[in-house]
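As the structure is a prediction and not an experimental result, all values here were calculated from the model. Ligands are counted one by one from 1 in listed order, and the atoms in each one are counted from 1 as well. All residue numbers in this chain count up from 1 along the given sequence.
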Amino acid sequence: MKKILVTGALGQIGSELVIKMRGIYGTDNVIATDIRTIDSEVITGGPFEILDVTDAEKMFDIAKRHEVDTIIHLAALLSATAEAKPLLAWNLNMGGLVNALEVARELNCKFFTPSSIGAFGPTTPKDQTPQDTIQRPTTMYGVNKVSGELLCDYYYNKFGVDTRGLRFPGLISYATPPGGGTTDYAVDIYYKAIESGSYTSYIDKGTYMDMMYMPDALNAIINLMEADPSKLKHRNSFNVTAMSVEPEMVAEAIRKHIPDFKLDYDVDPVRQRIAESWPNSIDASAAADEWGFKAEYDLERMTEDMLKKLKK
Ligand code: AKB
């Protein structure tokens, strides 16, 4: 990767990935784009352009003008928002993806886009979900993610576009909150622990989902994109995870630092149903074997770091 275009750069992943990649590849070599502007170092600290990813022509123009050789396509609606606005999700998630793939094909770019544990469904094996398994999701987000994985494989097989992807679990970070996801409780809980010492979870006790701390997610993207292509048996997309947790486990980890922290429940049926259709835990051994994936943060280490950073 030498010159990188990032879509959805002000989102949860983009806002940290852009800063990290500018540190590695050079400030002027990471072109951030998003549909909106906010007060952010992503905008003030390097090249930034407004881009609605459904505008194929503008995306092509920006990529060509900056002579990019890599596209990191992050712009998408997350699971709960996609369930509330399924048609918008289809148009944005699939329309944006096909536009970005077309730019990659025409300009001969490497390509990354995230998939998700949402690409699995109720008929997928729930524990230690294998890399290659049944994928019949029941959410619009899941339909988008499976279609996206297939489309990226298609662009690789048919046109030789170097597409790579990761099936992310819930991503936890202190820098930018996520929006509209099912796993967001695992971020909110830390903010509320600091603010008020208590949290009301919309995901029920005993509901396990995989999670990962943002520094591990950023390293995973960069390491996968820099991996030797001859070693990759899979491409779109690799299971990656750092921990499988349910709300009580997160609360217990927080209590080691805030002993009086209280957790109660007001379950949201929509997000609970989505969570129950996803795996309890996934097997990331293909990512480990093919390009050396390894997460550094477990629940304890992540909790300590989250609370320390959020207090600041
Ligand atoms: C969501 O909850 O929608 C995302 C995801 C797991 O893809 N965080």
Side-chain angles (χ1 to χ4, degrees), residues 8 11-17 72-86 88-90 92-94 96-97 112-122 124 126 129 135 137-149 152 165-191 201-204 207-218 220-221 236-247 250 267-284 287 295 302 306:
Q12 192 201 12
I13 301 176
S15 55
E16 290 189 60
L17 183 65
I72 310 260
H73 177 60
L74 302 175
L77 293 187
L78 292 184
S79 55
T81 313
E83 222 31 39
K85 298 175 182 166
L88 176 66
W90 178 265
L92 176 69
N93 292 357
M94 299 314 299
L97 177 61
F112 173 87
T113 199
S115 185
S116 158
I117 52 170
F120 299 118
T124 304
K126 272 215 155 310
T129 300
Q135 291 184 268
T138 46
T139 62
M140 175 49 89
Y141 182 67
V143 171
N144 296 165
K145 290 300 179 189
V146 177
S147 310
E149 289 185 8
C152 288
L166 298 169
R167 288 184 189 130
F168 275 134
L171 297 182
I172 297 171
S173 96
Y174 58 85
T176 309
T182 300
T183 56
D184 296 7
Y185 90 84
V187 180
D188 301 344
I189 194 168
Y190 288 102
Y191 279 82
S201 174
Y202 61 81
I203 291 293
D204 209 356
T207 309
Y208 282 83
M209 286 184 279
D210 281 278
M211 303 285 168
M212 186 188 271
Y213 199 32
M214 190 59 86
D216 281 330
L218 303 183
I221 295 173
N236 305 288
S237 285
F238 285 93
N239 286 2
V240 284
T241 183
M243 63 198 88
S244 160
V245 297
E246 55 93 27
V250 184
V267 173
D268 167 13
V270 175
R271 284 180 285 185
Q272 182 62 26
R273 210 173 322 115
I274 296 175
E276 283 172 13
S277 77
W278 290 356
N280 294 330
S281 62
I282 63 174
D283 168 25
M302 175 183 78
M306 268 300 273

For ligand 1, which atoms sit closer than 4.0 Å to a heavy atom of [X]?
| X | value |
| --- | --- |
| T182 | 1 (C), 2 (O), 3 (O) |
| W278 | 1 (C), 2 (O), 3 (O), 6 (C) |
| G181 | 1 (C), 2 (O), 3 (O) |
| S116 | 5 (C), 6 (C), 7 (O) |
| S79 | 1 (C), 2 (O), 3 (O) |
| L78 | 3 (O) |

Worksheet entry | Heavy-atom donor-acceptor pair, D216 side chain to Y213 backbone, under 3.5 Å |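 Here the side-chain-to-backbone pair does not exist.
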Worksheet item: Is there a side-chain contact between R167 and E149 (heavy atoms, below 4.5 Å)?
Response: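 Answer yes - side chains close enough.
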Worksheet item: Between M214 and I13, what is the shortest heavy-atom contact and its length?
Response: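 The pair with the smallest heavy-atom distance is CE-CA, 3.9 Å.
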Item to complete: Specify the closest pair of heavy atoms between P137 and V143, including all atoms of both residues, with the distance to one decimal.
Response: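 For P137 and V143, the tightest heavy-atom pair comes out as CG-N, 3.8 Å.
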Discussion item. For I117, which part has a heavy atom under 4.0 Å from ligand 1: side chain, backbone, both, or neither?
Written reply: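 Just the side chain.
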Discussion item. Check the orientation of Y185 and Y202. Use parallel for under 30°, tilted for 30 to 60°, and perpendicular for over 60°.
Written reply: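 The arrangement is perpendicular - the two ring planes meet at more than 60°.
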Discussion item. Assess whether a salt bridge exists between E83 and R271, defined as any Lys/Arg side-chain N lying under 4.0 Å from an Asp/Glu carboxylate O.
Written reply: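 So E83 does not pair with R271 through a salt bridge.
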